[in-house]
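Notes follow the structure.
Residue numbers begin at 1 in each chain, while the letters A, B, ... track the order of the sequences. As a basis for the values below, the full set of heavy atoms in this structure was taken, side chains included, without hydrogen atoms, waters or symmetry mates.
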Protein chains: 2
Amino acid sequence: MTLSHDIPSKIDPLIKHFEDYLPLDEFDKSMLLPRVVERKIKRRQFILQEGDVCQHYNFVVHGCFKIYKVDEKGVEHNIQFVVENDWATDIGSFHAENPSELYIEAMEPSTILQINKTDLLFLYVNCPKFDRNFRVIIENKFIELQNRLLQSFSASAMERYLAFLQQYPALSQRIPNTQIASYLGITPEFLSKLRKDLVSK
Amino acid sequence: MTLSHDIPSKIDPLIKHFEDYLPLDEFDKSMLLPRVVERKIKRRQFILQEGDVCQHYNFVVHGCFKIYKVDEKGVEHNIQFVVENDWATDIGSFHAENPSELYIEAMEPSTILQINKTDLLFLYVNCPKFDRNFRVIIENKFIELQNRLLQSFSASAMERYLAFLQQYPALSQRIPNTQIASYLGITPEFLSKLRKDLVSK
DNA sequence: AAAAAACCTTAAGGTAGATTAAGGAAATCT
DNA sequence: AGATTTCCTTAATCTACCTTAAGGTTTTTT
(Lines give C-alpha, C1' and ligand atoms only; values in the text may rest on other atoms or scores of the structure.)
Protein backbone atom coordinates (compact mmCIF):
# COMPACT_ATOMS: atom_id res chain seq x y z
CA MET A 1 0.00 0.00 0.00
CA THR A 2 1.46 3.33 -1.03
CA LEU A 3 0.34 6.88 -0.70
CA SER A 4 1.80 7.98 -3.99
CA HIS A 5 -1.53 9.03 -5.44
CA ASP A 6 -2.03 11.47 -2.62
CA ILE A 7 1.41 13.03 -2.46
CA PRO A 8 2.40 15.28 -5.36
CA SER A 9 5.70 14.00 -6.64
CA LYS A 10 8.50 15.09 -8.90
CA ILE A 11 7.68 12.29 -11.27
CA ASP A 12 4.04 13.24 -11.84
CA PRO A 13 4.72 14.60 -15.34
CA LEU A 14 6.34 11.29 -16.25
CA ILE A 15 3.44 9.27 -14.90
CA LYS A 16 1.07 11.45 -16.87
CA HIS A 17 3.17 10.87 -19.97
CA PHE A 18 3.04 7.09 -19.55
CA GLU A 19 -0.67 7.21 -18.92
CA ASP A 20 -1.19 8.75 -22.34
CA TYR A 21 -0.59 5.18 -23.50
CA LEU A 22 -1.57 2.85 -20.65
CA PRO A 23 -3.00 3.50 -17.15
CA LEU A 24 -0.56 2.68 -14.32
CA ASP A 25 -1.72 1.19 -11.06
CA GLU A 26 -0.28 1.93 -7.61
CA PHE A 27 2.13 -0.99 -7.89
CA ASP A 28 3.55 0.29 -11.17
CA LYS A 29 4.01 3.76 -9.71
CA SER A 30 5.70 2.44 -6.60
CA MET A 31 8.13 0.55 -8.81
CA LEU A 32 8.84 3.57 -10.93
CA LEU A 33 9.27 6.21 -8.23
CA PRO A 34 12.54 5.03 -6.61
CA ARG A 35 14.14 4.46 -10.03
CA VAL A 36 13.74 7.98 -11.34
CA VAL A 37 16.23 10.74 -10.52
CA GLU A 38 15.49 14.42 -10.97
CA ARG A 39 18.27 16.70 -12.23
CA LYS A 40 18.47 20.41 -12.88
CA ILE A 41 20.45 21.26 -16.01
CA LYS A 42 21.90 24.68 -16.76
CA ARG A 43 21.71 26.43 -20.11
CA ARG A 44 24.53 25.14 -22.37
CA GLN A 45 25.16 22.16 -20.12
CA PHE A 46 25.52 18.77 -21.83
CA ILE A 47 23.70 15.63 -20.77
CA LEU A 48 25.52 13.64 -23.47
CA GLN A 49 28.78 14.28 -25.33
CA GLU A 50 30.34 12.56 -28.34
CA GLY A 51 32.37 9.53 -27.27
CA ASP A 52 30.36 8.82 -24.12
CA VAL A 53 27.90 5.95 -23.85
CA CYS A 54 24.39 7.29 -23.30
CA GLN A 55 23.60 6.03 -19.79
CA HIS A 56 20.05 7.33 -19.29
CA TYR A 57 16.65 7.76 -20.73
CA ASN A 58 16.13 11.49 -20.09
CA PHE A 59 12.58 12.78 -19.78
CA VAL A 60 12.27 16.55 -20.11
CA VAL A 61 9.99 18.01 -17.42
CA HIS A 62 10.69 21.54 -18.49
CA GLY A 63 13.22 23.32 -20.62
CA CYS A 64 14.54 22.56 -24.06
CA PHE A 65 17.39 20.51 -25.54
CA LYS A 66 19.04 20.09 -28.91
CA ILE A 67 20.46 16.77 -30.11
CA TYR A 68 23.16 17.29 -32.72
CA LYS A 69 26.19 15.86 -34.44
CA VAL A 70 29.42 17.74 -35.19
CA ASP A 71 30.85 16.81 -38.61
CA GLU A 72 34.55 16.60 -39.59
CA LYS A 73 34.53 20.28 -40.53
CA GLY A 74 33.30 21.18 -37.06
CA VAL A 75 29.80 22.13 -38.20
CA GLU A 76 26.85 21.26 -35.93
CA HIS A 77 23.83 19.47 -37.41
CA ASN A 78 20.72 19.44 -35.25
CA ILE A 79 18.83 16.23 -35.63
CA GLN A 80 16.15 16.90 -33.06
CA PHE A 81 14.80 19.42 -30.57
CA VAL A 82 13.28 18.09 -27.38
CA VAL A 83 10.91 20.08 -25.17
CA GLU A 84 8.58 19.32 -22.25
CA ASN A 85 7.14 15.79 -22.03
CA ASP A 86 9.47 14.16 -24.49
CA TRP A 87 12.68 12.08 -24.32
CA ALA A 88 16.21 13.31 -24.97
CA THR A 89 18.26 10.17 -25.41
CA ASP A 90 20.58 8.59 -27.96
CA ILE A 91 18.56 5.41 -28.21
CA GLY A 92 21.19 3.62 -30.29
CA SER A 93 24.03 4.35 -27.90
CA PHE A 94 21.93 3.55 -24.84
CA HIS A 95 20.82 0.10 -25.97
CA ALA A 96 23.93 -1.04 -27.82
CA GLU A 97 26.22 0.60 -25.22
CA ASN A 98 28.29 2.13 -28.01
CA PRO A 99 30.03 5.49 -27.71
CA SER A 100 27.62 8.12 -29.01
CA GLU A 101 28.31 10.35 -32.02
CA LEU A 102 25.90 12.91 -30.63
CA TYR A 103 25.71 15.81 -28.22
CA ILE A 104 22.63 16.59 -26.17
CA GLU A 105 22.76 20.15 -24.85
CA ALA A 106 20.30 22.29 -22.87
CA MET A 107 19.19 25.41 -24.73
CA GLU A 108 17.39 26.69 -21.63
CA PRO A 109 17.69 25.99 -17.89
CA SER A 110 15.93 22.64 -17.68
CA THR A 111 14.68 19.90 -15.38
CA ILE A 112 14.89 16.27 -16.41
CA LEU A 113 14.03 12.86 -14.96
CA GLN A 114 16.62 10.16 -15.55
CA ILE A 115 16.30 6.38 -15.60
CA ASN A 116 19.44 4.31 -16.01
CA LYS A 117 19.78 0.96 -17.75
CA THR A 118 19.78 -1.27 -14.69
CA ASP A 119 16.61 0.31 -13.42
CA LEU A 120 14.98 0.20 -16.84
CA LEU A 121 15.70 -3.52 -17.19
CA PHE A 122 14.31 -4.07 -13.71
CA LEU A 123 11.13 -2.30 -14.74
CA TYR A 124 10.87 -4.33 -17.95
CA VAL A 125 11.07 -7.58 -16.02
CA ASN A 126 8.84 -6.63 -13.10
CA CYS A 127 6.32 -4.42 -14.88
CA PRO A 128 5.69 -5.49 -18.47
CA LYS A 129 3.68 -2.32 -19.03
CA PHE A 130 6.88 -0.30 -19.17
CA ASP A 131 8.17 -2.69 -21.73
CA ARG A 132 5.33 -1.76 -24.02
CA ASN A 133 5.62 1.90 -23.18
CA PHE A 134 9.26 2.09 -24.14
CA ARG A 135 8.63 0.16 -27.31
CA VAL A 136 6.07 2.79 -28.28
CA ILE A 137 8.55 5.55 -27.45
CA ILE A 138 11.07 4.06 -29.86
CA GLU A 139 8.44 3.49 -32.51
CA ASN A 140 7.40 7.13 -32.33
CA LYS A 141 10.98 8.35 -32.54
CA PHE A 142 11.47 6.03 -35.49
CA ILE A 143 8.46 7.43 -37.33
CA GLU A 144 9.59 11.01 -36.62
CA LEU A 145 13.03 10.25 -38.06
CA GLN A 146 11.59 8.51 -41.09
CA ASN A 147 9.37 11.48 -41.89
CA ARG A 148 12.31 13.81 -41.51
CA LEU A 149 14.41 11.76 -43.89
CA LEU A 150 11.64 11.59 -46.47
CA GLN A 151 11.15 15.34 -46.24
CA SER A 152 14.85 16.05 -46.58
CA PHE A 153 14.72 14.19 -49.91
CA SER A 154 11.55 15.48 -51.46
CA ALA A 155 11.04 19.01 -50.12
CA SER A 156 12.83 22.31 -50.77
CA ALA A 157 14.30 24.38 -47.95
CA MET A 158 11.26 26.69 -48.03
CA GLU A 159 8.86 23.77 -47.84
CA ARG A 160 10.79 22.28 -44.94
CA TYR A 161 10.78 25.62 -43.12
CA LEU A 162 7.02 26.04 -43.55
CA ALA A 163 6.49 22.44 -42.38
CA PHE A 164 8.64 23.15 -39.33
CA LEU A 165 6.65 26.28 -38.46
CA GLN A 166 3.43 24.35 -38.77
CA GLN A 167 4.61 21.35 -36.77
CA TYR A 168 6.38 23.27 -34.01
CA PRO A 169 4.79 26.77 -33.90
CA ALA A 170 5.87 27.40 -30.31
CA LEU A 171 9.47 26.32 -30.85
CA SER A 172 10.09 28.89 -33.57
CA GLN A 173 9.48 31.64 -30.99
CA ARG A 174 11.63 29.94 -28.42
CA ILE A 175 14.91 29.15 -30.12
CA PRO A 176 17.29 31.18 -32.34
CA ASN A 177 17.06 30.97 -36.11
CA THR A 178 20.62 29.71 -36.32
CA GLN A 179 19.42 26.56 -34.55
CA ILE A 180 16.41 26.20 -36.82
CA ALA A 181 18.66 26.60 -39.87
CA SER A 182 20.88 23.80 -38.59
CA TYR A 183 17.81 21.61 -38.09
CA LEU A 184 16.61 22.33 -41.63
CA GLY A 185 20.04 21.60 -43.08
CA ILE A 186 20.64 25.11 -44.45
CA THR A 187 22.81 28.11 -43.51
CA PRO A 188 21.48 30.91 -41.28
CA GLU A 189 22.04 33.32 -44.18
CA PHE A 190 19.79 31.32 -46.45
CA LEU A 191 17.11 31.00 -43.78
CA SER A 192 17.23 34.75 -43.42
CA LYS A 193 16.59 35.08 -47.13
CA LEU A 194 13.67 32.63 -46.97
CA ARG A 195 12.14 34.66 -44.14
CA LYS A 196 12.47 37.83 -46.15
CA ASP A 197 10.83 36.17 -49.15
CA LEU A 198 7.95 35.04 -46.93
CA VAL A 199 7.28 38.56 -45.62
CA SER A 200 7.57 40.38 -48.94
CA LYS A 201 5.23 37.93 -50.66
CA MET B 1 8.61 -32.79 -27.15
CA THR B 2 8.98 -31.71 -30.77
CA LEU B 3 11.10 -32.95 -33.58
CA SER B 4 11.65 -29.51 -35.02
CA HIS B 5 15.40 -29.64 -34.56
CA ASP B 6 15.62 -32.72 -36.75
CA ILE B 7 13.31 -31.71 -39.59
CA PRO B 8 14.59 -28.97 -41.90
CA SER B 9 11.92 -26.32 -42.05
CA LYS B 10 11.01 -23.27 -44.10
CA ILE B 11 11.59 -21.09 -41.11
CA ASP B 12 15.17 -22.18 -40.42
CA PRO B 13 16.65 -18.91 -41.78
CA LEU B 14 14.39 -16.97 -39.40
CA ILE B 15 15.38 -19.10 -36.43
CA LYS B 16 19.02 -18.59 -37.32
CA HIS B 17 18.39 -14.84 -37.51
CA PHE B 18 16.80 -14.75 -34.04
CA GLU B 19 19.62 -16.87 -32.64
CA ASP B 20 22.10 -14.19 -33.65
CA TYR B 21 20.68 -12.40 -30.60
CA LEU B 22 19.35 -15.06 -28.22
CA PRO B 23 19.28 -18.88 -28.40
CA LEU B 24 15.77 -20.34 -28.81
CA ASP B 25 14.72 -23.56 -27.13
CA GLU B 26 12.37 -26.17 -28.58
CA PHE B 27 9.38 -24.56 -26.93
CA ASP B 28 10.14 -21.19 -28.51
CA LYS B 29 10.53 -22.80 -31.91
CA SER B 30 7.30 -24.75 -31.58
CA MET B 31 5.52 -21.49 -30.77
CA LEU B 32 7.03 -19.69 -33.72
CA LEU B 33 6.57 -22.35 -36.42
CA PRO B 34 2.76 -22.30 -36.79
CA ARG B 35 2.70 -18.48 -36.75
CA VAL B 36 4.97 -17.94 -39.73
CA VAL B 37 3.68 -18.05 -43.30
CA GLU B 38 5.94 -18.45 -46.30
CA ARG B 39 5.12 -16.48 -49.46
CA LYS B 40 6.71 -16.35 -52.89
CA ILE B 41 6.78 -12.82 -54.33
CA LYS B 42 7.26 -12.02 -58.00
CA ARG B 43 9.52 -9.31 -59.33
CA ARG B 44 7.67 -5.95 -59.25
CA GLN B 45 5.04 -7.31 -56.91
CA PHE B 46 4.14 -5.15 -53.89
CA ILE B 47 3.92 -6.41 -50.34
CA LEU B 48 2.80 -2.96 -49.17
CA GLN B 49 1.20 -0.04 -51.00
CA GLU B 50 0.54 3.54 -49.95
CA GLY B 51 -2.75 3.83 -48.12
CA ASP B 52 -2.76 0.27 -46.78
CA VAL B 53 -2.02 -0.59 -43.17
CA CYS B 54 1.13 -2.70 -42.94
CA GLN B 55 -0.23 -6.03 -41.63
CA HIS B 56 2.96 -8.10 -41.36
CA TYR B 57 6.51 -8.23 -40.27
CA ASN B 58 8.16 -9.54 -43.45
CA PHE B 59 11.41 -11.45 -43.15
CA VAL B 60 13.29 -11.80 -46.44
CA VAL B 61 14.57 -15.36 -46.94
CA HIS B 62 15.87 -14.60 -50.38
CA GLY B 63 15.42 -11.87 -52.95
CA CYS B 64 15.51 -8.12 -52.65
CA PHE B 65 13.02 -5.34 -51.90
CA LYS B 66 12.95 -1.56 -52.03
CA ILE B 67 11.00 0.55 -49.57
CA TYR B 68 10.12 3.93 -51.04
CA LYS B 69 7.83 6.92 -50.94
CA VAL B 70 6.28 8.64 -53.93
CA ASP B 71 6.21 12.45 -53.55
CA GLU B 72 3.55 14.86 -54.87
CA LYS B 73 5.42 15.19 -58.14
CA GLY B 74 5.30 11.42 -58.61
CA VAL B 75 9.01 10.90 -57.95
CA GLU B 76 10.08 7.78 -56.03
CA HIS B 77 12.46 8.14 -53.08
CA ASN B 78 14.06 4.93 -51.84
CA ILE B 79 14.47 4.96 -48.12
CA GLN B 80 15.81 1.44 -47.72
CA PHE B 81 16.84 -1.71 -49.58
CA VAL B 82 16.17 -5.03 -47.89
CA VAL B 83 17.94 -8.27 -48.82
CA GLU B 84 18.29 -11.76 -47.30
CA ASN B 85 17.98 -12.03 -43.51
CA ASP B 86 16.49 -8.63 -42.89
CA TRP B 87 13.00 -7.20 -42.35
CA ALA B 88 10.89 -5.35 -44.91
CA THR B 89 8.16 -3.68 -42.90
CA ASP B 90 6.73 -0.21 -42.30
CA ILE B 91 7.23 -0.37 -38.56
CA GLY B 92 5.28 2.82 -37.94
CA SER B 93 2.23 1.72 -39.89
CA PHE B 94 2.31 -1.80 -38.45
CA HIS B 95 2.33 -0.75 -34.80
CA ALA B 96 0.13 2.34 -34.99
CA GLU B 97 -2.20 0.69 -37.55
CA ASN B 98 -2.06 3.85 -39.66
CA PRO B 99 -2.28 3.83 -43.45
CA SER B 100 1.26 3.67 -44.76
CA GLU B 101 2.86 6.34 -46.93
CA LEU B 102 5.27 3.78 -48.32
CA TYR B 103 5.52 1.13 -50.97
CA ILE B 104 7.47 -2.10 -50.50
CA GLU B 105 8.21 -3.74 -53.85
CA ALA B 106 10.22 -6.81 -54.86
CA MET B 107 13.16 -6.02 -57.13
CA GLU B 108 13.79 -9.75 -57.70
CA PRO B 109 11.67 -12.90 -57.38
CA SER B 110 11.70 -13.35 -53.60
CA THR B 111 10.65 -15.55 -50.72
CA ILE B 112 9.48 -14.03 -47.46
CA LEU B 113 8.22 -15.21 -44.09
CA GLN B 114 5.29 -13.26 -42.69
CA ILE B 115 4.07 -12.83 -39.12
CA ASN B 116 0.87 -10.91 -38.52
CA LYS B 117 0.01 -8.72 -35.56
CA THR B 118 -2.17 -11.20 -33.67
CA ASP B 119 0.50 -13.85 -33.85
CA LEU B 120 3.23 -11.41 -32.91
CA LEU B 121 1.32 -10.28 -29.82
CA PHE B 122 0.76 -13.91 -28.91
CA LEU B 123 4.49 -14.53 -29.12
CA TYR B 124 5.26 -11.43 -27.05
CA VAL B 125 2.99 -12.66 -24.27
CA ASN B 126 3.94 -16.33 -24.34
CA CYS B 127 7.62 -16.06 -25.19
CA PRO B 128 9.23 -12.91 -23.80
CA LYS B 129 12.37 -13.65 -25.82
CA PHE B 130 10.62 -12.52 -28.97
CA ASP B 131 9.72 -9.34 -27.23
CA ARG B 132 13.38 -8.53 -26.75
CA ASN B 133 14.25 -9.68 -30.26
CA PHE B 134 11.75 -7.37 -31.89
CA ARG B 135 12.84 -4.47 -29.73
CA VAL B 136 16.38 -4.98 -30.99
CA ILE B 137 15.12 -5.11 -34.58
CA ILE B 138 13.49 -1.71 -34.17
CA GLU B 139 16.54 -0.28 -32.42
CA ASN B 140 18.76 -1.37 -35.27
CA LYS B 141 16.43 0.09 -37.88
CA PHE B 142 16.37 3.30 -35.86
CA ILE B 143 20.15 3.54 -35.75
CA GLU B 144 20.37 2.85 -39.49
CA LEU B 145 17.90 5.66 -40.19
CA GLN B 146 19.66 8.08 -37.86
CA ASN B 147 22.99 7.48 -39.57
CA ARG B 148 21.37 7.99 -42.92
CA LEU B 149 19.88 11.30 -41.85
CA LEU B 150 23.16 12.53 -40.40
CA GLN B 151 24.93 11.58 -43.58
CA SER B 152 22.39 13.31 -45.78
CA PHE B 153 23.17 16.52 -43.89
CA SER B 154 26.92 16.46 -43.64
CA ALA B 155 28.16 14.52 -46.67
CA SER B 156 28.29 15.36 -50.39
CA ALA B 157 26.70 13.11 -53.02
CA MET B 158 30.10 11.62 -53.82
CA GLU B 159 30.82 10.88 -50.17
CA ARG B 160 27.41 9.27 -49.77
CA TYR B 161 27.96 7.13 -52.87
CA LEU B 162 31.35 5.92 -51.65
CA ALA B 163 29.87 5.15 -48.24
CA PHE B 164 27.08 3.19 -49.92
CA LEU B 165 29.57 1.14 -51.96
CA GLN B 166 31.55 0.38 -48.83
CA GLN B 167 28.53 -0.50 -46.71
CA TYR B 168 26.68 -2.57 -49.34
CA PRO B 169 29.31 -3.81 -51.82
CA ALA B 170 27.15 -6.70 -53.04
CA LEU B 171 24.04 -4.59 -53.56
CA SER B 172 25.72 -2.24 -56.01
CA GLN B 173 26.19 -5.21 -58.38
CA ARG B 174 22.67 -6.39 -57.88
CA ILE B 175 20.42 -3.41 -58.45
CA PRO B 176 20.25 -0.74 -61.16
CA ASN B 177 21.98 2.60 -60.69
CA THR B 178 18.67 4.42 -61.04
CA GLN B 179 17.64 2.80 -57.77
CA ILE B 180 20.90 3.66 -56.06
CA ALA B 181 20.56 7.27 -57.22
CA SER B 182 17.08 7.42 -55.69
CA TYR B 183 18.49 6.03 -52.43
CA LEU B 184 21.26 8.63 -52.41
CA GLY B 185 18.82 11.45 -53.10
CA ILE B 186 20.31 12.45 -56.48
CA THR B 187 19.34 12.05 -60.16
CA PRO B 188 20.58 9.08 -62.23
CA GLU B 189 22.33 11.58 -64.53
CA PHE B 190 24.34 13.02 -61.68
CA LEU B 191 25.23 9.56 -60.36
CA SER B 192 26.49 8.73 -63.84
CA LYS B 193 28.75 11.78 -63.68
CA LEU B 194 30.06 10.78 -60.24
CA ARG B 195 30.89 7.30 -61.55
CA LYS B 196 32.75 8.79 -64.49
CA ASP B 197 34.72 11.08 -62.15
CA LEU B 198 35.65 8.05 -60.03
CA VAL B 199 37.03 6.07 -62.97
CA SER B 200 38.95 8.90 -64.62
CA LYS B 201 40.59 9.87 -61.35
C1' DA C 1 26.27 49.38 -16.76
C1' DA C 2 29.75 48.02 -19.72
C1' DA C 3 31.86 44.48 -22.42
C1' DA C 4 31.54 40.37 -24.85
C1' DA C 5 29.30 37.11 -27.22
C1' DA C 6 25.76 35.45 -29.98
C1' DC C 7 22.45 36.52 -33.44
C1' DC C 8 20.28 38.52 -37.70
C1' DT C 9 20.41 40.53 -42.16
C1' DT C 10 22.00 42.01 -46.86
C1' DA C 11 24.44 41.34 -50.91
C1' DA C 12 27.91 39.62 -54.44
C1' DG C 13 29.88 35.80 -56.41
C1' DG C 14 30.44 30.68 -56.55
C1' DT C 15 29.21 25.58 -56.86
C1' DA C 16 26.80 21.14 -56.30
C1' DG C 17 23.44 19.09 -58.28
C1' DA C 18 18.82 19.47 -61.27
C1' DT C 19 16.76 19.60 -65.75
C1' DT C 20 16.22 18.68 -70.47
C1' DA C 21 17.23 16.28 -74.46
C1' DA C 22 18.90 12.65 -77.02
C1' DG C 23 21.33 8.28 -78.50
C1' DG C 24 22.92 3.73 -77.43
C1' DA C 25 23.11 -0.53 -74.54
C1' DA C 26 20.89 -3.98 -71.64
C1' DA C 27 17.45 -6.43 -69.84
C1' DT C 28 12.68 -8.24 -70.06
C1' DC C 29 8.63 -9.68 -72.12
C1' DT C 30 6.02 -12.02 -76.03
C1' DA D 1 14.24 -13.94 -81.94
C1' DG D 2 12.17 -9.68 -82.14
C1' DA D 3 9.88 -5.95 -79.80
C1' DT D 4 9.53 -3.16 -75.89
C1' DT D 5 10.78 -1.34 -71.93
C1' DT D 6 14.19 -0.03 -68.80
C1' DC D 7 18.73 1.60 -68.07
C1' DC D 8 23.08 4.29 -68.75
C1' DT D 9 25.66 8.06 -70.43
C1' DT D 10 27.00 12.73 -72.26
C1' DA D 11 26.54 17.50 -72.49
C1' DA D 12 24.49 22.19 -72.21
C1' DT D 13 21.90 25.14 -69.46
C1' DC D 14 19.82 26.44 -65.11
C1' DT D 15 18.87 27.08 -60.04
C1' DA D 16 18.82 26.31 -55.09
C1' DC D 17 21.70 26.97 -51.83
C1' DC D 18 26.64 28.06 -50.07
C1' DT D 19 30.48 31.20 -49.02
C1' DT D 20 32.48 35.26 -47.69
C1' DA D 21 32.26 39.67 -45.88
C1' DA D 22 30.47 43.24 -43.29
C1' DG D 23 27.43 46.11 -40.19
C1' DG D 24 23.83 46.34 -36.92
C1' DT D 25 21.06 44.31 -33.09
C1' DT D 26 20.02 41.60 -29.31
C1' DT D 27 21.26 38.71 -25.49
C1' DT D 28 24.36 37.15 -22.05
C1' DT D 29 28.03 37.62 -18.99
C1' DT D 30 30.87 40.29 -15.82
Side-chain angles (χ1 to χ4, degrees), chain A residues 41-45 63-64 66 68 71-78 81 105-110 151-165 171-201, chain B residues 41-45 63-64 66 68 71-78 81 105-110 151-165 171-201:
Chain A
I41 310 292
K42 287 185 198 143
R43 186 159 191 270
R44 296 213 163 117
Q45 189 179 342
C64 178
K66 58 177 172 176
Y68 62 94
D71 70 21
E72 330 76 54
K73 288 153 209 141
V75 181
E76 294 180 12
H77 301 274
N78 289 339
F81 298 118
E105 182 184 338
M107 303 175 77
E108 300 173 358
S110 302
Q151 227 191 20
S152 86
F153 278 164
S154 61
S156 69
M158 178 62 99
E159 288 167 329
R160 279 177 276 143
Y161 180 50
L162 292 174
F164 174 82
L165 291 181
L171 250 192
S172 66
Q173 308 299 98
R174 198 167 161 184
I175 64 182
N177 285 327
T178 39
Q179 296 305 319
I180 296 176
S182 166
Y183 177 89
L184 296 174
I186 61 179
T187 58
E189 292 85 354
F190 191 60
L191 177 55
S192 187
K193 182 177 177 297
L194 293 182
R195 289 159 54 76
K196 191 183 167 193
D197 293 351
L198 269 184
V199 171
S200 73
K201 195 219 55 183
Chain B
I41 310 291
K42 287 185 199 144
R43 185 159 191 269
R44 297 212 163 119
Q45 189 179 340
C64 179
K66 58 177 174 177
Y68 62 94
D71 69 21
E72 330 74 53
K73 289 153 210 141
V75 181
E76 294 180 12
H77 300 275
N78 288 340
F81 298 118
E105 181 184 339
M107 302 175 76
E108 301 172 358
S110 303
Q151 228 191 18
S152 85
F153 277 164
S154 62
S156 68
M158 178 63 97
E159 288 167 329
R160 277 177 278 145
Y161 180 51
L162 293 174
F164 174 81
L165 291 180
L171 250 191
S172 64
Q173 308 299 100
R174 199 166 160 183
I175 63 181
N177 286 326
T178 38
Q179 296 305 319
I180 296 176
S182 165
Y183 178 88
L184 296 173
I186 61 178
T187 58
E189 291 84 355
F190 191 60
L191 177 54
S192 186
K193 181 176 178 300
L194 293 181
R195 287 159 56 76
K196 190 183 167 193
D197 293 351
L198 269 185
V199 172
S200 73
K201 198 218 53 187

Pair B:M107-B:F81, side chain to side chain contact (heavy atoms under 4.5 Å, CB included): steps then yes or no
CA-CA 9 Å; B:M107 302 175 76; B:F81 298 118; 4.1 Å; yes
Please identify each residue that fulfils ring-ring contact (aromatic ring centres under 6.0 Å, His included) with B:Y68, with sequence neighbours left out.
B:Y103
What string of B, S and - do you get for nucleotides 4-19 of chain D, 5' to 3', if B is base contact, S is sugar-phosphate-only contact and - is no contact with any protein heavy atom under 4.0 Å?
---SSBBS-----BSB
Heavy atoms only: give me the nearest B:L191-B:L184 pair and the separation to one decimal.
CD1-CD1, 4.3 Å
Going by salt bridge (Lys or Arg N to Asp or Glu O under 4.0 Å), name the residues that satisfy it together with B:R174, two or more places apart in sequence or in a different chain.
B:E84, B:E108
Could you tell me which residues satisfy side-chain contact (heavy atoms from CB on, under 4.5 Å) with A:E189, sequence neighbours excluded, listed by chain and number?
A:T187
Any side-chain heavy atom of B:R195 within less than 4.5 Å of one from B:S192?
no
So salt bridge (Lys or Arg N to Asp or Glu O under 4.0 Å) across residues 175-184 of chain B, not counting sequence neighbours, yields none
Testing the basics here: between A:I41 and A:A106, what is the closest heavy-atom pair and its distance to 0.1 Å?
CG2-CB, 3.8 Å
Atom NZ of A:K42 to atom P of D:dT28: distance rounded to whole Å?
16 Å
Rounded to 10 degrees, the angle between the two terminal axes of the helix from C:dT9-D:dA22 to C:dT30-D:dA1, each from five pairs:
50°
Report the distance from atom CD of B:Q173 to atom P of C:dA26, rounded to the nearest whole Å.
16 Å
